[in-house]
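Shown next, in structure tokens, is the structure this report addresses.
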Amino acid sequence: MLPKVATHILHSTTRAAAAVQNQTHAIRNVLQLQSSGPSSGSGSSWGNGPGPGGAKYNTGSRFHAGYNGAGRAVTQANVITSQDGTFTQSDDTEEFTSRRSILQTPKRPRIRSSSVSLSLAGRRERGEKLGVLKTVQLHARSRHAFGTSATAGVEDEVQVPTTDLAEKSARSPLVRRNSTSSEVSRPSSPVGSVRRLSISAQNDSKAEAAVADLPTPPLTPERLSTDPAAPQTVLPPQAKAPIHQEIVYKLVQVSQTKDALLAADLVREFIQTIKDPTPSDFNVALLALIATRPEGEPLNIIVETYNAMLQRSLSPNTKTYSLLIDALTQRDDEVRHMSATLEARLQRIEFSGSTERSNGIWEKERLESLRAEGNFSQAMALFEAVLSTGRNAQLELVHYTNLIRSCAYHNSVEGAIHVFEQLERRKDLLPDSRTYRYMLQVFTNAGNFQGAEEIFKDFRQAGKEDRLAPLTGRQSETLQTWNQMIETYFRADLPDKAVGILDEMLATTAGSSFGPGDIPPPASSTYTTILSGFCLTGQVQTALDWFDRLHAMGVYVQRPFEAYCGGPIKPDQVAWGLMLDALAKAGMVDDFNRLFKIMLSDARTDGIVVRRIDRTFLFSVNMAHIKEWDDPKAAEVLDFLAINSISPDMWQHRRRQMLAGICEEYVARGLYRSAVTLFGQLYTQQLEFLQKADRAEAVGVVSELQNLLVKLSNQVYSTLALRQDHLPFVASLELLRLTFNLELKISAEHAPYILHSFGHAKQTSELPDEINPQDWAILLNCAVHAETLAQQGQEVTLPNYAFTGLASLLIDIAERGVTFDSFDENVRFRTMKLLSTQLGHQECKSLFTSLGPSYAEALQGFETARYQALEEALNIAPPLPLQEPETHITKDYGRLNINLSLNRTVEAAMRDTKYSPAGRASKAYDLFMAGVERGLVTLPPTTGKLIQAHGRLNELDKVQELYTAAQACLMSMEHLKDHRNTGWVAIEDSMIIALAHAGNLDAAHVHRSRILDFRAAPSADAYGALILYVKDTTDDASNALRLFNESQTLGVRPNLYLYNNIISKLSKARKADHSLELFQQMKESGVRPSSITYGAVIGACARVGDVHSAETLFTEMVQAPGFSPRIPPYNTMMQLYTTTKPSRERSLYFYNELLRAGVSPTAHTYKLLLDTYGTLEPVDIPAMEGVFKQLCDDPRVQILGQHFGSLINAYGCVQKDLDKAIEVFDSIPSYGPALADAVVFEALINALVAHRRMDLMPEYISKMTAAGVHMTAYIANFLIKGYANVGDMEQARTIFESLTDPPTGVAAPNNHAPHNPSDAPIVSPTEPVYREPSTWEVMVRAELGAGNRDKATDLLERLRARQYPEAVYNRISGVMVDHSQILH
């Protein structure tokens, strides 16, 4: 056997130690530092570990916190030596598991060490969930489970399990996944793999069927194993119900099945079904959940089951606590490993800046949520609870060991010493290697290296004295403890002692069958720990020397903890990862690439897996340094990356971005052909991917490739200009073919470079043979374009321009056997026109004749057409210009292609909140049209958004321009028919929305009809817009309801916008029942109502006087999650209690609720307040006047005519004080101009009618006309009523007949004043006044009051002819049988 490792790796131990000492400082004096200083005074039984100076936890323990220097927070080697968390050497298994982190793990944040009690937030959260009384009861019930404590502090801690666990249960959703993968992975499991964890949920049929599949219990079920010290048993003296026995038996069985979903269902059934369970029954339930819990799943359901036990007034026993301690420490271990993985990913992201998760947001959020879990403090609290009962003898070694492990994770030296002391007091238990290893980790993580050294010495002595618990078949545990000591020495900056440990392991004579008291031979993980230690102390070159020697001289050993006595061992997976990480961080890129090449070549024989994240790292590291290298070296590296940085299983988007990045660097170095060839390979590979991709993904991939190629092309030609290079024609040809295949246009600026490349290849006889007709067509097009510009004075300025002209190109084309009719007609026409000008008629004819028959025939046809056009121009006068139709397309955009970069730019402009909506739309439009000029457009949905935005602004010219561009784009998508159809529907749908908002409903319905003819359906937003702007009719909601029903027939799923609009329409039409039906349907379909929805449906109830429903809905609204107060519902409720169901108390109640919700009153609110005091009994005029003063003093609210209308009504009609009403009217001009509107005159005329002062009516009608106020039907109603009351029926009839009927089926316009005067249209006083249904009613009442029943009947016949809705006619005709209410 080879002697010591130094002889074979660095030739001698002396040289190794010397090398280490030369690179470090004061190695030997570290251990001479002694403990001093007082206790940290944390008052903690456990927690973060000691502060400066440290403190002895208990004099009864052989270990204490004697030295507390700050240690670097790097844990055992298996975590240090990780790269991204996907590989690690597990503490408890010899297999590789998926985890890998960066070399240095940042110091973990200290947890609170002064208390493990529930936080204030946690107590409040629990109190809110269970109620104060219930919480106190549960707390009291749990006290006896922990017994009397030795100190008050311990007694307080004993109460933690109940409250802490309850807090944990309430804190996070209860979701268990079937997957046993680490929780670090983003959850993506399907619904079917999500287990309902709430114990209150109902079992579904599948769960019940699965439960039924378990074997039924025997007639005399066996007693379950329970805690011997517990007073309860599984089978109490009285016989249990059969269902009880069956469920408990099945819980025992399911523990063996590992079926997590089934276990959750059984526990749910157990809690819901069993009336008198025992603590042992609950222990069986807890055991079933713990045994089946997938790795990485939080403990929510376990905690909830424990809480259910407390709610039954059952006291936990030692078995309960041991189960919970086991679950909490296992979960703490999972959290620690997942946190290390996430921290490693974040370091990788920070280092490279170009991983798949580029910003690390998800990792940070996940890490924060993991750190928030309180598993450690809860486990320690439960341990104290067991100690307080004196039943810790029932705990097993694994519980002590796992608790110490958690202390290591949380740097809690005192906690670890406390647990170890309790273990030592047990005469029936001995610590094992794992116990010592975790104690080493505790002291190492806390920086107490002297204490760690003492522990290791005691471990070795315990092994010799047979004081270690046997670990049958687990020799690796002993080896890992030795590895841990190596790590400890490195972290103490004592690498010579670390190497000394390795020397001892190499010199052992124990062999592979070593015992606990022997020195174990090293394993591959031992060398990995050495390498990690050198890297940790900054000696990367030393680590690399060791690594190279190990790889060259070592042998492959499969298991990382398998001791090997035959000499050095080759680096394992983790060693490769840590070495690559260290080299990358040290900037040793050449060595990084050298090792990576070796890893690729030796991966299969050395058992190494090269993963896609390794290849991504290779790319990121090299691209970070590529700018530092000269062209030859950069070219070599780029070639290496092009071959080795991409793996077949790599994410497609990432693959495209990486290859595009390599292409860009090729171009920057003038390696154009390499760049284009690599992009061609990418295109070929992506074609295969497109055949398997779905439609949406295909569009995205094509757009991304287009964008990448445009970027590459621009870089190629700009670099050519900068470097004054010429593009090899082979590369130019490949670039042209890619451009054609991806359906992009060739930029005019690039044409001269393409032609120059062709000319240079021709001069040097390097033209390839495989130029196809399509290639020649592109070249011909470029030549025509370039020479057309030259004719216009824009000569090509390239130095040594090699292209010899269009005629020469035609000769080359003809010589290759390509006929002229192979080219596009437009290109042929432009070619012949250009050459005719350049060469003249005769020379051009000679040229085309020499080129072949197809060329000669084309030229002859061209000349014939030109002569005919000339003759027609001479003999026929030019026609008069035609008037362009409204939808005429003013510009031929040609072929337009979707560009994702432009799409993102336009989307960003539309979201830019620095501008107003109009400004955002205008900016986005300019960007869109600039793209159109380059032959690029946005995705149809984005174009649709832009169309909608300009429709809302009533900019129909821009709407039409956008629509035309969109149609041109869709015509260019013949290769993606399905996407074209989807895009066409999206554009038509957007036109519906835009035109509806612009008020052009007829045009909107044209686009709706197009979609329906296509056998598709408009969107919910489109139907919502049509309903919102539907023209009012005498049956207001009929058209709206017809549209809504059509949408449902077509299977359109209503969204919030559609529901709100249809419910609002029905509400205004007083169709409360239908509104409520839709409202209920809305909630059942999962659409959460908004404040607008509630306002509409509350308004519907208010209009029909359904006070109870309105109140109920209002309460539901304010209690809804995410409720955002808005003014309309409050105003609606106030209006309900001022008009429909008068009640000042309720009206003021909702006003106060409005203020309490922080909503500012509006003008309408003040109007309702004035009515509340001015019209509701007992009338309070001083309060009304106080409201008006408050209104005048409120700078946020404008005084409107409706306010004066309320005052006039209160004084004139309610108080019968006409003089005061007229005084108010006369004072209006002092408050502002144009305040005396139709509402004011309605109120004043109503007051005059109430006082029978028709003699004053002409005066105020004249004032109304002079003020420019248009008469409304409601003013006419008062006039008819007034004259009828004084017996002047002729005047009443004259006024009625002077009014006009609106078109049949159309509602009367210009009669309703909106709450906001700015929304009111300007109506001339001379415009006709249209009758309302109320006008017919007041006239019928007037005729009946005058005893003219025949005339009233005639009026009803005329009304019927108007085809009003049946409900309206019935209401008015009902007056004929109610003679007691004529003109009230």
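If you read the sequence from its start, that first residue is 1, and numbering goes on from there. Only this structure's heavy atoms are used, side chains among them; waters, hydrogens and symmetry mates stay out.
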Check: After noting the C-alpha distance and the side-chain angles of His418 and Glu384, does the key distance pass the side chain to side chain donor-acceptor pair (under 3.5 Å) rule?
Finding: CA-CA 10 Å; His418 174 50; Glu384 288 301 306; 2.5 Å; yes
Note to self: Show, in sequence, the C-alpha distance, side-chain angles and deciding distance for Glu343 and Arg371, and conclude whether the salt bridge (charged side-chain N to carboxylate O under 4.0 Å, His left out) test is met.
What the structure shows: CA-CA 12 Å; Glu343 289 166 356; Arg371 287 170 175 169; 2.9 Å; yes
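Judged by distance alone, the side chain of Asn445 and the main-chain N or O of Ala408 form a donor-acceptor pair under 3.5 Å. Listed for the Thr329 side chain is a donor-acceptor partner under 3.5 Å among the backbone atoms of Asp326. Between the side chain of Gln475 and the backbone N or O of Gly515, no donor-acceptor pair lies under 3.5 Å. Remark: the backbone N or O of Pro560 is paired with a side-chain donor or acceptor of Ser525 at under 3.5 angstrom.
Aromatic ring centroids of Phe534 and Phe490 lie under 6.0 Å apart.
For Ala393, the side chain to side chain contact (heavy atoms under 4.5 Å, CB included) test picks out Arg426, with sequence neighbours left out. Under the side-chain hydrogen bond (donor to acceptor under 3.5 Å, both in side chains) criterion, Thr401 pairs with Thr435, not counting sequence neighbours.
Salt bridge status for Arg331 with Glu334: present, with a side-chain N to carboxylate O gap under 4.0 Å. Ion pair Arg425/Glu421 flagged as a salt bridge, since at least one NZ, NE, NH1 or NH2 atom sits closer than 4.0 Å to an Asp/Glu carboxylate oxygen. At a threshold of 4.0 Å, the pair Glu396-Lys319 does not count as salt-bridged, since none of the basic side-chain nitrogens sits closer than that to a carboxylate oxygen. Comment: Asp265 engages Arg268 in a salt bridge, judged by a side-chain N to carboxylate O separation of less than 4.0 angstrom.
Judged by distance alone, the side chains of Asp332 and His410 do bring a donor and an acceptor atom under 3.5 Å apart.
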